[in-house]
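Note: hydrogens, waters and symmetry copies are ignored here, and every other heavy atom, side chains too, is used. Numbered from 1 within each chain, the chains take letters A, B, ... in sequence-line order.
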Amino acid sequence: MLDIKFVRENAELVRQSCRNRRARVDLEQLLALDGKRREILPTLEALRQERNRVSQEVGRAKKAGTDPSAVFASMKQVGEQIKTLEQELGQVDELLQELLYAIPNLPHASVPVGEDENANELVGVWGTPPEFDFEPLNHWDIGEGLGIVDFERAVKMAGARFTLLKGAGSRLERALINFMLDLHTTQHGYLEILPPFMVNSKAMTGTGQLPKFAADLFKVQDTDYWLIPTAEVPVTNLHMDEILEELPLRYTAYTPCFRAEAGSYGKDVRGLIRLHQFDKVELVQFVHPEKSYQHLEELTSHAETVLSQLELPYRRMCLSTGDMGFSSAKTYDLEVWLPGQKTYREISSCSNFEDFQARRIGVRFRDKGRKNTELAHTLNGSGLAVGRTMVAILENYQQADGSVAIPEVLQPYMGGLKKICVEDK
RNA sequence: GGAGGGAUGGCCGAGCGGUUUAAGGCGGCGGUCUUGAAAACCGUUGACCCAAAAGGUCCGUGGGUUCGAAUCCUACUCCCUCCGCCA
């Protein structure tokens, strides 16, 4: 959520930003409501001041033994006026809030302006795509060939966009989770969190999934519980309504992620790329506003370290205004090379939300020795999407005989296994 | 699921209709004393709205009663204790 004061004073900038982000927002109504609010407030406060003053007088009179009841009739009217204005203000506030919630974050000046992903900017490319002396397979053919992924049975018990892993596949997933968590906690200074996998509406609103994107989420019937679409939600809400004493704070969390994937019919229907449930290790930071872009570089490099340690070729993109997430001010996507599909695919998304989420969640901090509180900046990034990392390993490490080599750093997590062959299933 | 108890400032905790601009304590900060520290003593110390002052809001959340609500009524949420069930 943007600061209403900022919107008021920079209406044109906000209008342009919404246009660049392809968001339709009724800014005129918002500004009109803001004006109305600022009209009501002084009147209301003057009346309340009057009521406070007279009430004190009544108290004093009663104590002194005189009869104060002469003012009661007129004060009753004041009370009624206050109630009327409060109701009016409440309605204005509610609508104002609703409109404010619908405005996407302001993109950082360095973000390329553009319609969609075609306007994304290539930041850099790392690693060399492997050469094969055979035609590399898709990960679903490799996985099924090895018997470590079962697409059909998962569909029977759950439906489309669900899969299940078996044997060395399950273990590889588990190995990846542990490897990533260990890397971030021991090398990058993150504290591991194991959060709830369901959260309430307030938390979903805090990070920006609600109220606008309910259709992308799964909700538990007859409750206020939503399945988390990413660990970003519980972990960023960790410090709801708190004044932090020390920054930066770095958290990492493994969770499954649940996404309704509404509107993605026909996209990535095969394989492990787009599922209703997938595993992810997330990185979240709470940082000082002056340093949040340094931290974005740092956090992104932490995600990149996972890729480089796994020796997977990847590139970094800076998302354009049209392709960025609603709450983000700047986002880098890391895209891993997939030889079976001969393309780069998103495996991590690292964003600086500046104070957009912090304002909704109420995360502030106080500089040592300072009196005022200030909103913290929040960031997060995938470090990494585990299922897609499995895809990348299957495709990049595939061998002519149908087996898949295990990246060296994962071998300790696989009980020393160097290669998944058909007989290992 | 049943019965009972509770929710007050960073924490503990008083207040149960009118100088509450929320007592007191702990913690934090500043000072006195000390070579330094501790102890002791003195002072100070919530958030939010408002450019600021003045002022206003906030005692779990919403609604109500009243001239006036932390205090009374009401609904909801959450927490605790006991019973039941249970990995």
Side-chain angles (χ1 to χ4, degrees), chain A residues 1-11 30-31 33-100 194-206 210-211 219-220 222-226 234 237-247 249 256 286 289 355 357-376:
Chain A
M1 164 168 75
L2 296 178
D3 182 9
I4 179 65
K5 203 192 304 171
F6 179 89
V7 177
R8 183 191 305 143
E9 288 164 5
N10 301 274
L30 190 147
L31 292 170
L33 282 168
D34 177 50
K36 191 163 182 195
R37 184 190 138 80
R38 279 146 50 82
E39 214 170 275
I40 296 170
L41 216 52
T43 319
L44 177 60
E45 289 194 355
L47 286 168
R48 287 207 276 227
Q49 183 180 0
E50 170 76 358
R51 181 174 68 183
N52 288 346
R53 190 181 58 77
V54 174
S55 292
Q56 275 188 10
E57 271 173 23
V58 169
R60 272 194 290 265
K62 279 216 163 176
K63 203 155 259 181
T66 45
D67 178 15
S69 57
V71 296
F72 285 0
S74 70
M75 287 316 289
K76 193 178 174 74
Q77 280 205 336
V78 171
E80 270 155 20
Q81 281 178 49
I82 288 174
K83 192 178 285 180
T84 309
L85 283 178
E86 276 176 347
Q87 273 165 3
E88 214 175 308
L89 185 69
Q91 283 169 7
V92 169
D93 273 345
E94 201 177 316
L95 249 164
L96 198 58
Q97 184 83 335
E98 208 173 289
L99 290 170
L100 215 46
L194 188 68
F197 299 164
M198 293 185 248
V199 299
N200 59 30
S201 302
K202 191 178 178 201
M204 281 293 186
T205 307
L210 293 179
K219 186 171 190 193
V220 181
D222 298 327
T223 70
D224 187 37
Y225 299 141
W226 303 77
N237 278 285
L238 192 61
H239 294 296
M240 186 187 291
D241 295 322
E242 287 183 32
I243 298 169
L244 305 173
E245 295 296 335
E246 218 172 294
L247 295 176
L249 294 172
F286 298 85
D355 61 16
Q357 295 179 326
R359 184 170 294 107
R360 291 175 168 220
I361 297 174
V363 188
R364 292 151 293 161
F365 73 100
R366 198 194 315 270
D367 265 337
K368 280 209 173 69
R370 293 278 290 279
K371 202 169 153 51
N372 297 344
T373 62
E374 207 179 324
L375 291 168

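Distance, D34(A) CG to rC50(B) C1': 13 Å, rounded to whole Å. Whole-Å rounding puts the L85(A) CG to rU57(B) P distance at 13 Å. Spacing between atom CD of Q49(A) and atom P of rU57(B) amounts to 10 Å, rounded to whole angstrom units. Look at CD on Q77(A): it is 15 Å from P on rU66(B), rounded to the nearest Å. What separates CD of E242(A) from C1' of rG9(B) is a distance of 15 Å, to the nearest Å. One interatomic measurement links the two molecules: CD of Q56(A) to C1' of rA69(B), which rounds to 14 Å at whole-angstrom precision. One atom, CD of E45(A), and another, P of rU57(B), lie 8 Å apart when rounded to the nearest Å.
Within the shown strands, rU61(B) is the pairing partner of rA75(B) under the Watson-Crick or G-U definition, both distances less than 3.5 Å. Base pairing annotation: rA69(B) forms no Watson-Crick or G-U wobble pair, as no partner gives both donor-acceptor distances under 3.5 Å. Remark: rG4(B) base-pairs with rC80(B); criterion is Watson-Crick or G-U wobble with both hydrogen-bond distances under 3.5 Å. Across all strands shown, rU21(B) has no partner, as no Watson-Crick or G-U wobble contact with both distances under 3.5 Å is found. Pairing of rU34(B), defined by two Watson-Crick or G-U wobble distances under 3.5 Å, is not identified with any nucleotide.
Across all strands shown, K62(A) has heavy atoms under 4.0 Å from base atoms, whether or not it also approaches the sugar-phosphate. Among the atoms of the strands shown, none is found under 4.0 Å from any heavy atom of S69(A). At a threshold of 4.0 angstrom between heavy atoms, the contacts of V58(A) include nucleobase atoms, whether or not backbone atoms are also involved.
Within 6.0 Å of atom CD in E57(A), more than 12 heavy atoms from other residues, nucleotides or ligands are found, so the atom counts as buried in its surroundings.
Remark: N52(A) is in phosphate contact with rU57(B), judged by side-chain N or O atoms under 4.0 Å from OP1 or OP2. Look at R364(A) and you'll find a side-chain N or O under 4.0 angstrom from OP1 or OP2 of rC48(B). OP1 or OP2 of rC48(B) lies within a sub-4.0 Å distance of a side-chain N or O belonging to T373(A). Between K83(A) and the phosphate of rU66(B), there is no side-chain N or O to OP1/OP2 separation shorter than 4.0 Å. Distances shown here put a side-chain N or O of R366(A) below 4.0 Å from the OP1 or OP2 atom of rA47(B).
Each of I243(A) and I4(A) was assigned the nucleotide of RNA chain B with the nearest heavy atom; the assignment lying further toward the 5' end belongs to I243(A).
Judged by distance alone, the side chain of D241(A) and the main-chain N or O of G362(A) form no donor-acceptor pair under 3.5 Å.
Nucleotides rA7(B) and rU71(B) place their P atoms 12 Å apart, quoted to the nearest Å. Rounded to whole Å, the separation between the P atoms of rA70(B) and rU21(B) comes to 9 Å. Across rU65(B) and rA22(B), the matching P atoms stand 27 Å from one another, rounded to whole Å. Nucleotides rU44(B) and rA23(B), compared at atom P, are 13 Å apart to the nearest Å. Atom name C1', nucleotides rU81(B) and rA87(B): the rounded distance is 23 Å, in whole Å.
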